2 protein chains.
Amino acid sequence: MKAQAEPACPLPTAKRRGPVSHTVSRVARLHRIAAGKVLKKAGLYPGQEFVMMYLWDAGAARQSDIIKAVGLDPSTVTKMLQRLEQAGHVQRRPDPDDRRGVLVEATETSCGLLADVEEAWGELEDQTLAGLDERDRAELARLLGRVEANLRAETADCPEAARASECTEAAEGGS
Amino acid sequence: MKAQAEPACPLPTAKRRGPVSHTVSRVARLHRIAAGKVLKKAGLYPGQEFVMMYLWDAGAARQSDIIKAVGLDPSTVTKMLQRLEQAGHVQRRPDPDDRRGVLVEATETSCGLLADVEEAWGELEDQTLAGLDERDRAELARLLGRVEANLRAETADCPEAARASECTEAAEGGS
DNA sequence: CAGAATAACTTGGCCGACCAAGGAATGAGT
DNA sequence: ACTCATTCCTTGGTCGGCCAAGTTATTCTG
C-alpha cells in the first residue's frame with residue numbers, strides 16, 4: 001500500500017557502472033575541499049594560490065599576463081584580485097605604458113605566505129597521493145596529463161590552446 | 001631602467017616541478033567546463049545531474065536522502081532544488097509523515113532529460129578518456145579511486161565517512 | 001587624420017559549493 | 001509531561017567560476 005518510492009521513469013538500461021567521469025567529479029570536489037583546508041592556514045582560498053604563486057615569481061605583472069598564466073576567465077581574475085588586494089596580499093596600479101592595463105604586484109607582507117603556500121601544496125600532495133608508490137604516481141601523472149590534454153582540446157574549441165594537436169578532425173566517430 | 005619584472009620574494013628553492021595536485025586542479029576545472037557543455041543540451045548545470053539521476057531512479061525521496069546520496073552540503077542541495085523546481089524538473093512537497101522533511105520527486109517532463117543526461121555522460125566519458133586503451137582506463141580508475149579514498153579520509157575528519165580506515169593516527173610524520 | 005577593429009579590464013548576473021546561524025518538528029531522558 | 005538534544009531544512013553570506021555586455025585605450029586601417 002505505501003507505494004514505496006519507485007523509479008519514476010522507465011530506465012532504459014540503467015547500467016549503473018561508475019564512469020571515470022564521476023570519479024573525476026568527486027575527486028575534484030574533495031581535492032578542492034582539501035586544498036581549502038591546507039590553504040586556510042595561509043589565509044588564502046583555493047584558486048588564489050595560483051595567482052599569488054605567479055606573482056611571487058614573476059614580480060609585477062599585467063593582469064592579462066596573469067590571465068594567460070592561470071588560464072581563467074578575465075572576470076574571475078579581476079574579482080579575485082580585488083579580494084586579494086582588499087586582503088592586502090596584492091597591490092594594483094594602472095600601467096603607465098598602457099593606460100587600459102593594470103599592473104599587479106605581490107605586497108611585501110604577502111611574501112610571508114610563500115612558505116605557507118608551498119607547505120600547503122606539499123601537504124596536499126602527500127594527502128592526495130598517500131599510499132601510492134613512485135610507479136603509481138608517475139602513472140597517475142601521465143594519465144591525468146592525457147586527460148587534461150583531451151579536455152583542453154575539447155573545451156577550447158580548436159584554434160587556440162590545443163597547441164600540439166591536429167585539430168583537423170571535425171567528426172569524432174560517435175560509434 | 002625598465003627594471004624588468006623580477007621575483008619580488010626570495011624564492012627559497014623555487015622547485016617548479018608539477019605536483020600532481022596542480023594537474024588535478026586543472027583537470028577538475030576543465031572537466032567541469034566540459035560537463036557544462038555537454039549538459040547544456042539537457043538544460044542542466046553541472047552538479048544537478050547527480051541529483052536528478054538519483055531522483056530518477058529512486059522516485060520520491062526525502063531531501064536528506066538526496067544529501068546523503070550526493071554527499072553535498074544541505075544548503076547546496078536546498079538551493080539546487082529550488083532552482084530545479086523553478087525550472088520544472090522537480091516537484092517538492094512537505095512530507096506528511098515527518099513534517100520537517102520535504103519530499104522531492106522528478107517531474108514527468110523531466111523524464112525526457114534522462115536520455116540526454118545519459119548521452120551527455122557518455123560524451124563526457126569519451127572526451128575525457130579519448131586515446132586511452134582499456135588498460136589505461138582501468139589503471140586511471142584504480143588510481144583515482146585511491147586518491148578519492150585518500151581525500152575522503154582527509155576531508156571528513158575521521159569519525160564518519162572514513163569507513164574502512166584506521167583513523168588512529170594523529171601525527172602524520174612531516175618530511 | 002578620422003573611423004573601425006581589437007585589446008584590457010570591469011560590472012552584473014548566475015551557478016555550484018562551503019560555512020555559520022537559525023527555525024521547526026521530532027525523539028529521547030528524566 | 002516537560003525539558004533537552006537531534007534531525008531537517010532554510011537563509012544569508014562568501015568564494016571561485018562562467019558568460020554577456022559594456023567602457024576605455026590602443027592600434028590598425030582607409
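Numbered from 1 within each chain, the chains take letters A, B, ... in sequence-line order. Not measured: the values here are computed from a predicted model.
Taking only distance into account, the side chain of S64(A) never meets the base of dC9(C) through a donor-acceptor pair shorter than 3.5 Å. Interface remark: the S75(A) side chain does form a donor-acceptor pair with the dC19(D) base, using a distance-only criterion of under 3.5 Å. Not a single donor-acceptor contact under 3.5 angstrom links the side-chain atoms of R100(A) to the base of dT26(D). Side-chain atoms of R99(A) stay outside donor-acceptor range of the base of dA25(D), with no qualifying N/O pair under 3.5 Å.
Judged purely by atom type and a 3.5 angstrom limit, H31(B) uses its side chain to pair as donor or acceptor with the backbone of S21(A). Panel note: side chain E125(B), backbone V20(A); a donor-acceptor pair is recorded below 3.5 Å.
Taking atom CZ of R62(B) as the reference point, atom P of dA24(C) lies 21 Å away to the nearest angstrom. The interatomic distance linking K79(B) (NZ) with dC18(C) (P) rounds to 11 Å, in whole Å. As a whole-Å value, the separation of Y45(B) OH from dC15(C) C1' is 7 Å. Rounded to a whole Å, the CG atom of D73(B) is 13 Å from the C1' atom of dA21(C). The CG atom of L39(B) sits 15 Å away from the P atom of dC15(C) (whole-angstrom rounding). Whole-Å rounding puts the Q86(B) CD to dC15(C) C1' distance at 13 Å. In this structure, the NZ atom of K40(A) is 9 Å from the C1' atom of dC18(C), given to the nearest Å. Rounded to whole Å, atom P of dT14(D) lies 21 Å from atom CD1 of I33(A).
Nearest-nucleotide positions on DNA chain D place G47(A) closer to the 5' end than the other of P96(A) and G47(A). If you find the closest nucleotide of DNA chain D to V102(B) and to F50(A), the one lying nearer the 5' end belongs to V102(B). Each of D97(B) and P74(A) was assigned the nucleotide of DNA chain C with the nearest heavy atom; the assignment lying further toward the 5' end belongs to P74(A).
A distance of 10.0 Å separates CD in E148(A) from OG in S25(B), rounded to the nearest 0.5 Å. Rounded to the nearest 0.5 Å, atoms CD (E85(B)) and CD (E105(B)) are 12.0 Å apart. Once rounded to the nearest 0.5 Å, the distance linking CG of L84(A) with CZ of R92(A) reads 10.0 Å. Here the CG-CG distance, from L144(B) to L144(A), works out to 6.0 Å after rounding to the nearest 0.5 Å.
Using a 4.0 Å cut-off, some side-chain N or O of T76(A) falls inside it from OP1 or OP2 of dC18(D). For dT10(C), one of the phosphate oxygens OP1 or OP2 lies less than 4.0 angstrom from a side-chain nitrogen or oxygen of Q63(A). Contact annotation: R92(B) reaches the phosphate of dT10(D) (side-chain N/O to OP1 or OP2, under 4.0 Å). Checking the phosphate oxygens (OP1, OP2) of dT10(D), no side-chain nitrogen or oxygen of Q82(B) falls inside 4.0 Å. Between R32(A) and the phosphate of dC15(D), there is no side-chain N or O to OP1/OP2 separation shorter than 4.0 Å. Contact annotation: R83(B) side-chain N/O to dG13(C) OP1/OP2 distance is not under 4.0 Å.
Among dA17(C), dC9(C), dG13(D), the nucleotide with an atom closest to any side-chain atom of R29(A) is dA17(C). Here the side chain of D98(A) is nearest to one of dA25(D), dC18(C), dC15(C), namely dA25(D).
Residue I67(A) is out of contact with every strand shown, counting any heavy-atom pair closer than 4.0 Å.
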